[in-house]
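What follows is a set of notes on a single structure, which appears directly below.
Lettering follows sequence order; numbering is per chain, from 1. Values below: all heavy atoms of this structure, side chains included; hydrogens, waters and symmetry mates excluded.
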Amino acid sequence: MSTLNVSNITDGTDTVGTSYVVNGSAKAYVNFNGTGTIAVRDSFNVASLTDLGNGSHDVNLSSSFSAADYAVSGSTGGTNQSNHFNGGTNVRASAFNARVLVANVSTNDDAQVHAMAVGDLA
Amino acid sequence: MTHGHLWDRLAEAKSRLAPVQSKYRVLFEDPATPDEPAKVLVPDPNFMAAALAGNILPSIDTYQRDRLVPDGQPKEHPYAEPIGAMSEEEAVEYLVMKDIDPAVWRDYNGNRTIMKIVPVEMIPSDRSFRNAWRIAQ
């Protein structure tokens, strides 16, 4: 593996600092089926998922963030269109909790759970 | 050549390794919350590919030492030297030590069995049964 050590990237017209690219990149993502025996469809920088119960899953990271102050976002799909994603509960440097909420009060399994995290790696 | 950051090695590995679906799941109960349903740890396919290939993941010891490092302080595992290839069983044990609280796999002194590594087909797919399930003794 080779490394390009540059401060800026340009296409000849527009220039952007590499720090913007690095800082703005998602450091981890996962797309999984949260129904039945949960299964990962695709991911990056994820070591495992922990099925904690109905609609609640921990996403355990391979390369941790520096602290538990990174940003998690996500979405859900499946057949229940009232489901929505909650990723701000129980965030740790090495893992975050991806929950699927229904009407803000209960959790629900969903066939499409997508999550990503942006921030500074350890 | 330096081995670089773990995240860079994972990115390079994802570009060349096919994901590997593990045939194992880890079923465990948290002794701190005995009323909650049993939890299921699912290995990530890209993690399994990296573990089986070798020279990507750091030693599990580095993760365990990093558990004690406060947020914001430098952690050891991202820059630690990668270890060699693991078998699937070794990779699952690695995940147990990395992603399950030591209170479950190391410090529990009770008489009940609270953790089992099982083939995936032993996990009930129906949530209503799984929530009522306890690890058979």
Compare all side-chain heavy atoms of A:Leu121 with those of B:Lys75 and state whether any distance is below 4.5 angstrom.
no
Just checking B:Glu121: does its CD atom have more than 12 heavy atoms from other residues, nucleotides or ligands closer to it than 6.0 angstrom?
yes
Check the hydrophobic clustering (I, L, V, M, F, W, Y; side-chain heavy atoms under 4.5 Å; chains of links allowed) and say if B:Val118 and A:Val40 are grouped together.
yes
Of all heavy-atom pairs between A:Ala68 and B:Asp71, which one has the smallest distance, and what is that distance?
N-OD2, 2.8 Å
Centroid separation under 6.0 Å, is that true for the rings of B:Trp7 and A:Phe44?
yes
Proximal component of B:Glu76, with respect to chain A [non-hydrogen, under 4.5 Å]
neither
Quick one: closest heavy-atom pair of B:Lys14 and A:Asp42, and the distance?
NZ-OD1, 2.7 Å
Taking all non-hydrogen atoms of both residues, which atom of B:Pro37 and which atom of A:Gly53 are closest, and how far apart?
CG-CA, 4.4 Å
Just checking heavy atoms, which of residues 43-67 of chain B are less than 4.5 Å from chain A?
B:Pro43, B:Asp44, B:Pro45, B:Asn46, B:Phe47, B:Tyr63
When hydrophobic residues are tied together by side-chain contacts of less than 4.5 Å, even through go-betweens, does B:Leu41 share a cluster with B:Met115?
yes
Any chance you could measure A:Ser63, atom OG, to B:Asp8, atom CG, to the nearest 0.5 Å?
8.5 Å
To check you understand the geometry: which heavy-atom pair defines the closest contact between B:Gly72 and A:Ala67, and what is its length?
N-CB, 4.0 Å
Side chains of A:Thr50 and B:Phe28, heavy atoms from C-beta outward: is any pair under 4.5 Å?
yes
A:Asp109 versus chain B, the contacting section by heavy-atom distance below 4.5 Å
side chain
Look at the side-chain heavy atoms of Ile, Leu, Val, Met, Phe, Trp and Tyr, link any pair under 4.5 Å apart, and say whether B:Val120 and B:Tyr24 land in one connected group.
no
Side-chain heavy atoms nearer than 4.5 Å, only ILVMFWY residues, links allowed to pass through others: does that put B:Ile123 and A:Val113 together?
yes
Specify the closest pair of heavy atoms between B:Lys39 and A:Leu52, including all atoms of both residues, with the distance to one decimal.
CD-CD2, 3.7 Å
Which bit of A:Phe32 comes within less than 4.5 Å of chain B, counting heavy atoms only: side chain, backbone, both or neither?
neither
Are any side-chain N or O atoms of B:Lys98 and backbone N or O atoms of A:Ala47, one a donor and one an acceptor, separated by less than 3.5 Å?
no
Hydrophobic clustering (ILVMFWY, side-chain heavy atoms < 4.5 Å, transitive) - are A:Val118 and A:Val16 grouped together?
no
At a heavy-atom distance under 4.5 Å, which candidate from A:Ser64, A:Ser56, A:Ala28 has the highest pair count against chain B?
A:Ser64
Heavy atoms of A:Ser62 and B:Leu6 approach each other most closely as O-CD2, 3.4 Å
How long is the span from the CG atom in B:Asp126 to the OG1 atom in A:Thr35, to the nearest 0.5 Å?
11.0 Å
Look only at the side chain of B:His77 and the backbone of A:Ala122, and say whether a donor-acceptor pair between them is shorter than 3.5 Å.
no
Highest number of heavy-atom pairs under 4.5 Å with chain A among B:Val69, B:Val26, B:Leu95 belongs to B:Leu95
From CZ (B:Arg25) to CD1 (A:Ile38), nearest 0.5 Å:
8.0 Å
